[in-house]
Amino acid sequence: MSLKKTRAGLAALTVTGLALGLAACGGGSDDDATAAAGGDDLVTVGFVAVGPEGGWRTANENNIKTAFSKEAGFDLKYSPATDGSQNSQITAFTSFIDEEVDVILLSATEATGWEDVLGKAQEAEIPVLLLDRGIEPDDDSLYATHIGPDNYSISVSAAEWAIKTFPEGANYVVLEGPAGLSVVNERNRGWDDTMADATGFTKLESQDANWSTDEAKKVFETMLKAHNNDIQLVFAQNDEMGLGAAQAVEAAGLTPGTDVKIITIDGTKAALQGLIDGQLSFVAEYNPLFGDLAVDLVNRLLAGETIESNYVVDSVTFDSPEAAEAALPTREY
Ligand code: AHR
């Protein structure tokens, strides 16, 4: 265990010890212990984030910020990418190493190109946790752990729903997230591997619509025109793009859910409302709420524990308006 981990580990243990001491004397709570530790023993966490991107991203980053609170013993330094650029993330990542933070959290805007800075973090003995987005090639010796839902199996469940819904097959298109992202590659693999065994399905084309409702509407309008509206199914890799495709269907004088069925991934409130209203037909959750798990893993890492290289966050699917109606009142994002 490195000095840094020992220092932070001792800090964590000190706060805990104080808490136990104060509690034993009936002298107070964890807050008192943190205060007694002078607050300057907070574990510093550099969060190399994506930044504003859509409903899922906002929910995920807010959940991380809430979990890594000062009350929980953390000083979280949030650094969103500039215009989604990997260069800005690498600059922030390098700065956090220079600042000698205790831990780095990374949600990568690109899958490749991380070996160098991850190697520098290793040399500095700063553990790195990958949140949501992975790296390619995946070398788990370069990071402490990855936390996120399983994109591959989520896309398999989407494809299995499509095969069940269209027993005679269908013409379909895919609206992808930006090229070069691990989640896009994983979602494509899960879908394509499952559809490979299906009969009667034709993938007419797939295009990047940049996670965006407006871009997805434009892209799908063009696709409908190019294929004389003979498209029965859309696999949209996030909610915003699926809702944009629904707008294109209506603009073409067609009916979403009847003429064109749309699948999305994320499970935001907007998507569940779209399922209730008939714009969408299948919504696969990609659960963004794993901040508490990330905190637990950081605490265990800094206390010198060995943890797994990957933690899958459970996610559910919604295949009917009734399922969405039942879930919507308690949805957290
Ligand atoms: O990496 C997760 C993806 O990024 C989500 O599915 C999408 O909505 C977000 O922008």
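Ligands are counted one by one from 1 in listed order, and the atoms in each one are counted from 1 as well. Please read these numbers as outputs of a predicted model, since none were measured by experiment.
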Undergrad: To which of Asp239, Asp266, Asn60 does the heavy atom nearest atom 6 (O) of ligand 1 belong?
TA: Asp266
Undergrad: Does NZ or CZ of Lys65 lie under 6.0 Å from the centre of the six-membered ring of Tyr78, at an angle within 45° of the ring axis?
TA: yes
Undergrad: How about Asp138: does its CG atom have over 12 heavy atoms from other parts shown lying under 6.0 Å from it?
TA: yes
Undergrad: Looking only at N/O atoms, are Glu240 and ligand 1 under 3.5 Å apart anywhere?
TA: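 Between Glu240 and ligand 1, no N or O pair is found under 3.5 Å apart.
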Undergrad: Would you mind running through ligand 1 and noting each atom that sits below 4.0 Å from a heavy atom of Tyr286?
TA: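 Listed by number with element: 2 (C).
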Undergrad: Could you see which bit of Arg187 sits under 4.0 Å from ligand 1, with heavy atoms only: side chain, backbone, both or neither?
TA: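 Arg187 to ligand 1: side-chain contact only, backbone stays beyond 4.0 Å.
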Undergrad: Within ligand 1, which atoms have a heavy atom of Val183 less than 4.0 Å away?
TA: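 Within the 4.0 Å cut-off of Val183, ligand 1 contributes 1 (O).
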Undergrad: What atoms of ligand 1 come closer than 4.0 angstrom to any heavy atom of Trp56?
TA: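 Once the distances to Trp56 are compared, the set is 8 (O).
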Undergrad: Nearest to atom 1 (O) of ligand 1, what protein heavy atom do you find, and at what distance?
TA: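 Result for atom 1 (O) of ligand 1: Arg133 NE, 2.6 Å.
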Undergrad: For ligand 1, which atoms sit closer than 4.0 Å to a heavy atom of Glu53?
TA: 4 (O), 9 (C), 10 (O)
Undergrad: Do Trp56 and Tyr286 have their ring centres less than 6.0 Å from each other?
TA: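 Distance test on ring centres: under 6.0 Å, yes.
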Undergrad: Check whether Thr82 reaches the backbone of Ser88 with its side chain - one donor and one acceptor, N or O, closer than 3.5 Å.
TA: no
Undergrad: Students often mix this up, so state it plainly: with edges at 30° and 60°, are the rings of Phe74 and Phe68 parallel, tilted or perpendicular?
TA: perpendicular
Undergrad: Would you please indicate yes or no on a ring centroid separation below 6.0 angstrom for Tyr172 and Trp191?
TA: yes
Undergrad: Taking only heavy atoms of Asp132, which atoms of ligand 1 are found under 4.0 Å from at least one of them?
TA: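 Those qualifying, in numeric order: 1 (O), 2 (C).
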Undergrad: Would you mind checking if Lys120 and Asp116 are paired as a salt bridge, meaning a charged N to carboxylate O distance below 4.0 Å?
TA: yes
